[in-house]
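What follows is one structure encoded as C-alpha cells, with my remarks underneath.
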Number of protein chains: 2
Amino acid sequence: MRRMTARPANAHQARLLKLLRDSGPNSRAQLGDQVDLSRSKLAVEVDRLLETGLVVADGLAASRGGRRSHNIRLAPGLRFLGIDIGATSVDVAVTNAELEILGHINQPMDVREGPVAVFEQVLSMAAKLRASGLAEGFDGAGIGVPGPVRFPEGVPVAPPIMPGWDGFPVREALSQELGCPVMVDNDVNLMAMGEQHAGVARSVGDFLFVKIGTGIGCGIVVGGEVHRGTTGSAGDIGHIQAVPDGRPCACGNRGCLEAHFSGAALARDALEAAQQGLSAELATRLETNGVLTAVDVAAAAAAGDATSLDLIREGGTRVGQVIAGLVSFFNPGLVLIGGGVIGLGHTLLAAIRTQVYRQSLPLATGNLPIVLGELGPTAGVIGAARLISDHLFSPA
Amino acid sequence: MRRMTARPANAHQARLLKLLRDSGPNSRAQLGDQVDLSRSKLAVEVDRLLETGLVVADGLAASRGGRRSHNIRLAPGLRFLGIDIGATSVDVAVTNAELEILGHINQPMDVREGPVAVFEQVLSMAAKLRASGLAEGFDGAGIGVPGPVRFPEGVPVAPPIMPGWDGFPVREALSQELGCPVMVDNDVNLMAMGEQHAGVARSVGDFLFVKIGTGIGCGIVVGGEVHRGTTGSAGDIGHIQAVPDGRPCACGNRGCLEAHFSGAALARDALEAAQQGLSAELATRLETNGVLTAVDVAAAAAAGDATSLDLIREGGTRVGQVIAGLVSFFNPGLVLIGGGVIGLGHTLLAAIRTQVYRQSLPLATGNLPIVLGELGPTAGVIGAARLISDHLFSPA
DNA sequence: CCTTCTTTGTCCTGTCAGTGGAGAAAGTTG
DNA sequence: CAACTTTCTCCACTGACAGGACAAAGAAGG
C-alpha cells in the first residue's frame with residue numbers, strides 16, 4: 001500500500017480532517033453543521049479530500065427521515081506510530097487515523113544507553129507491530145522523550161536524565177529510519193495532549209497534567225495549545241523547591257520536589273522504613289523481592305500498612321504544595337494527575353486535593369477538578385499519535 | 001469634536017491600525033512592507049480607513065530618492081483614558097492613539113471606600129484632564145483594578161482587598177458615565193501589557209511581569225497574549241507559600257509570599273527593627289515621620305544601613321524563591337520586576353537574580369534576563385490605554 | 001536643462017474563494 | 001401515492017486579492 005502523501009491544501013481541509021479524527025465518521029451535512037461553511041464550499045473541499053485519498057466515502061448511513069447520507073471518514077489504511085520513551089521503558093503503539101490504538105507494546109529499556117541503542121529497540125518494536133498485520137506501513141510517527149526538546153527541530157536539549165541524547169537529531173534520524181514524517185516532544189506534553197484528545201480534558205482550554213513517575217513533570221495547556229516555553233523546558237516542576245534545605249537532589253540543589261516525592265524517592269523511603277523496622281508489611285515484601293518499588297508501597301497501603309499510607313500522604317502533601325502554587329499562578333480549569341504512581345490511588349489523590357484546596361485561593365480552586373488521568377499508560381502514545389496527526393493534518 | 005464611531009471593518013484594517021499605533025506614522029509603502037498584502041489591496045484598505053476618519057494623511061515625507069510619500073497616521077484627535085486603580089492611589093492619564101501620555105494625574109485614594117466613591121474621584125480627575133485642553137472627549141477608556149476580573153464582562157470577582165467591588169459592573173457603569181467604550185482588567189495584567197507595548201518586553205512572546213507593591217502579583221504573557229486563567233485569577237502569586245509555617249497572612253493561611261515580603265510587610269519589618277533598636281537610621285526616620293514605609297527602607301539602605309539592606313536582601317530572596325519556581329514551570333523569555341518597591345533598586349534585583357539563577361534549572365535560566373520594568377509608575381495607565389485600543393482596533 | 005533611475009502611489013484586469021438559491025436525489029410517513 | 005424531510009449537487013453572482021502597467025514626483029549625473 002502506498003503511504004499518505006497528500007496534505008490538506010488549505011485551512012478548511014485541515015479543519016475537516018481534524019474533525020473527522022476527533023469525532024469519527026460524519027456525513028457532509030453533519031460536517032457542515034460544525035464548520036461554518038456553505039454546503040457548496042464544503043462539498044468542494046470534501047470532494048478534493050476524496051480525490052487525494054485522505055478521506056473515503058464508504059456506504060450510506062441509515063436514514064433519519066430523508067435521503068440517506070454518505071459516511072465520510074478518514075482513510076482506513078492510515079497508520080500512525082506513537083512512541084513514548086520513558087526513563088526505564090518504551091511504549092510503542094500503532095493507531096489508525098482516529099488515534100484508536102490497534103496494537104501496543106511495552107518493553108523495559110534504559111534511556112541512558114543512548115539514542116542509537118534505543119532506536120534499534122524502537123525500530124524492532126515497530127517492525128513487530130507491522131509484522132502482526134496491523135499496519136502495512138506508517139504514515140507518520142510521534143515520539144516523546146523524557147526531557148526538554150527544542151520543538152521546531154525535534155532535538156532534545158540538555159536532558160538531565162538522558163545526557164547522551166543532548167543535541168541528537170531525533171526527528172531527522174527517526175524520520176530517515178522509518179521513512180515517514182516524525183515529530184518530537186517532551187513525554188509529559190504528549191501525555192497532556194493524549195488526555196486532551198480522549199479524556200476529561202477535551203473541553204477544557206487551560207489545564208495542567210502532572211505526571212508523577214520516576215521523576216515529576218507537568219504538561220501545560222493554554223487555550224488548547226501546549227505551552228513549551230522559551231527553551232522547551234516549561235513544565236519542569238520536579239526541581240521546584242518543595243522543602244527549604246531539604247534532601248539533596250541529583251540536580252545539585254536541595255529540597256527539590258522530586259527528591260522528596262517521586263517513584264524513585266518513594267522506593268527509597270520504603271526501603272529505609274523496611275530496614276528500620278517501621279513496617280512489617282514492607283519488610284516481608286523486601287525479603288521476597290529483594291527490592292522495593294512504588295508498587296510495593298501501593299500494595300502495602302492497600303493492605304492497610306500505616307507506614308506506607310503515611311509515606312503516600314506525605315508525598316501527596318508535598319506535591320500538593322507545589323501544585324497549589326501553580327494553581328494560584330496559572331488558574332487552570334482542571335488538574336490531571338498521571339504517571340506510574342497513580343497506582344497509589346485515592347490516598348495520594350486525597351492528599352493532593354486537601355493540600356491544594358487548603359493552600360490556593362478559593363477563587364482559583366472553587367470549581368477546580370483534580371482528578372486522575374483517564375488514559376493511564378496509553379496517554380503518552382496517544383498523545384504522540386496526536387502530535388504527528390496534528391502536523392500532517394495541517395497545510396504543508 | 002465628534003468621537004470615534006467607526007471600527008475597523010476587517011482584520012486587515014485592524015492590523016494596519018495596530019501597526020500605526022505601535023510604530024507611528026508610516027507611508028503606504030512602509031505599511032506594505034509589514035503586512036503581506038499587495039499594494040493594491042493595501043491602498044484600498046487605507047483609503048477606506050481614511051474615509052472613516054480613523055487615520056489621516058497629513059503632509060508629505062522627505063524624499064528618499066524618489067516620489068515623496070504621504071504620511072499615514074492615526075487620527076490625531078483620538079484620545080484614550082488609562083485608569084489604574086491601586087490599593088491606595090489612582091492614576092488617570094490621557095493618551096493619543098499612539099498611546100503617548102499627554103497628561104497624567106496621580107491622587108491618593110482608598111480602594112476600600114467602594115466603587116461609587118472611587119468612580120466619583122476618577123471622573124473628576126478625567127474632567128480635570130479634559131478641562132486642561134488635552135482632550136475634547138474620550139474615545140475609550142481602559143481601567144485596571146487590584147483584584148481578579150471576569151474579563152469578558154468587566155466585573156471584579158471576589159477581590160480580597162476591595163470587598164465592596166465584588167460583582168460591581170465596572171465596565172458598564174464607567175462606560176455609561178464616560179459615554180465611551182470601556183475595558184476592565186486586573187492592574188498587574190495591564191502593567192504587563194504596558195511593558196509589552198513600550199518596553200523591553202516588546203519582542204518577547206512569553207514573559208512574566210512581577211509587581212511588588214502593597215501586595216504581590218504577576219502578569220503572565222503567553223505568545224503575546226495575556227493569560228487570565230479560568231476565573232481571571234491567574235498571576236495571583238502573593239499567596240503562594242514562601243515559608244512553611246511562616247507568618248500568618250490576611251488570607252488565613254501561613255507563610256504566604258506577601259506576608260513575608262511586600263510594601264506592607266517591609267514597612268512592618270522596618271518598624272519592628274527600629275523599635276528593637278536594630279537600626280539607628282530607621283529609628284530617626286521613624287521619629288521624624290511618625291511612620292515607616294518602603295521608601296524609608298530604600299533611603300536607609302542607600303545610606304548604607306545594614307539592617308535595611310538585610311531586610312531587602314531577605315525579601316528579594318523570598319520573592320526569588322517563588323519566581324524560581326515559576327521560571328521552572330513556565331520557562332519565560334524574560335522576567336520583569338515592577339511596582340512600588342523597585343525603589344529598593346539594585347539590592348533587591350540582585351537578591352532576586354541570585355536566588356532564581358541558583359534555584360532554577362540552567363536550561364530555563366541560561367538566557368533569561370531579569371530586569372526592572374522600564375515604564376515605572378506609568379506602566380499601568382499605558383497598559384490600560386492599550387487594552388481599550390486593542391479592543392477598538394479590532395473588528396466589531 | 002535634460003535624461004535616466006528610483007521610489008511611491010493608482011488603476012485595471014484576471015483569478016479564485018465563497019455564498020446562497022434552485023433543484024435533483026432519495027428517503028419516510030400516513 | 002402524495003406530502004414532507006433530509007442530503008447532496010449545480011450554477012450564477014459577489015467580493016477579495018494579486019500582479020502588471022503606468023502615472024507622479026523627485027534625485028543624480030552629464
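First the proteins, then the strands, lettered A, B, ... as listed; each starts at 1.
- Checked by distance alone, A:Ser40 brings a side-chain donor or acceptor within 3.5 Å of a matching partner on the base of C:dG20.
- Summarising the geometry, the separation between CG on A:Asp36 and C1' on C:dT19 is reported as 11 Å, rounded to the nearest angstrom.
- Distance CG (B:Leu37) to P (C:dT10): 15 Å, rounded to an integer number of Å.
- Under the 3.5 Å distance criterion, with hydrogens and angles disregarded, no donor-acceptor pair is assigned to the side chains of B:Thr231 and A:Asn367.
- Residue B:Lys41 is classed as a sugar-phosphate contact, given heavy-atom separations below 4.0 Å to backbone atoms only.
- Interatomic distance, CG of B:Leu208 versus NE2 of B:His227, reported as 11.0 Å (0.5 Å rounding).
- Taking a 6.0 Å sphere around CD of A:Glu225, one finds it holds 12 or fewer heavy atoms contributed by other residues, nucleotides or ligands.
- Closest approach to the A:Leu60 side chain among C:dG20, C:dG27, D:dA18 is made by C:dG27 (side chain taken as heavy atoms from C-beta onward).
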Produce the list of close N/O pairs, under 3.5 Å, pairing protein atoms with atoms of nucleotides 6-8 of chain D; give distances to one decimal.
{"unit_1": "D:dT6", "atom_1": "O2", "unit_2": "A:Arg67", "atom_2": "N", "d": "2.8"}
{"unit_1": "D:dT7", "atom_1": "OP1", "unit_2": "A:Arg64", "atom_2": "NH2", "d": "2.9"}
{"unit_1": "D:dT7", "atom_1": "O2", "unit_2": "A:Arg67", "atom_2": "NH1", "d": "2.9"}
{"unit_1": "D:dC8", "atom_1": "OP1", "unit_2": "A:His70", "atom_2": "N", "d": "2.7"}
{"unit_1": "D:dC8", "atom_1": "OP2", "unit_2": "A:Arg28", "atom_2": "N", "d": "3.3"}
{"unit_1": "D:dC8", "atom_1": "OP2", "unit_2": "A:Ala29", "atom_2": "N", "d": "3.0"}

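- The line from CG of A:Leu49 to CG of A:Leu54 is 6.0 Å long, rounded to the nearest 0.5 Å.
- Side-chain contact between B:Leu42 and B:Arg39: absent, with no pair of heavy atoms (C-beta onward) separated by less than 4.5 Å.
- Contact annotation: B:His12 does not reach the phosphate of D:dA16 (side-chain N/O to OP1 or OP2, under 4.0 Å).
- Judged by distance alone, the side chains of B:Arg21 and B:Ser389 do bring a donor and an acceptor atom under 3.5 Å apart.
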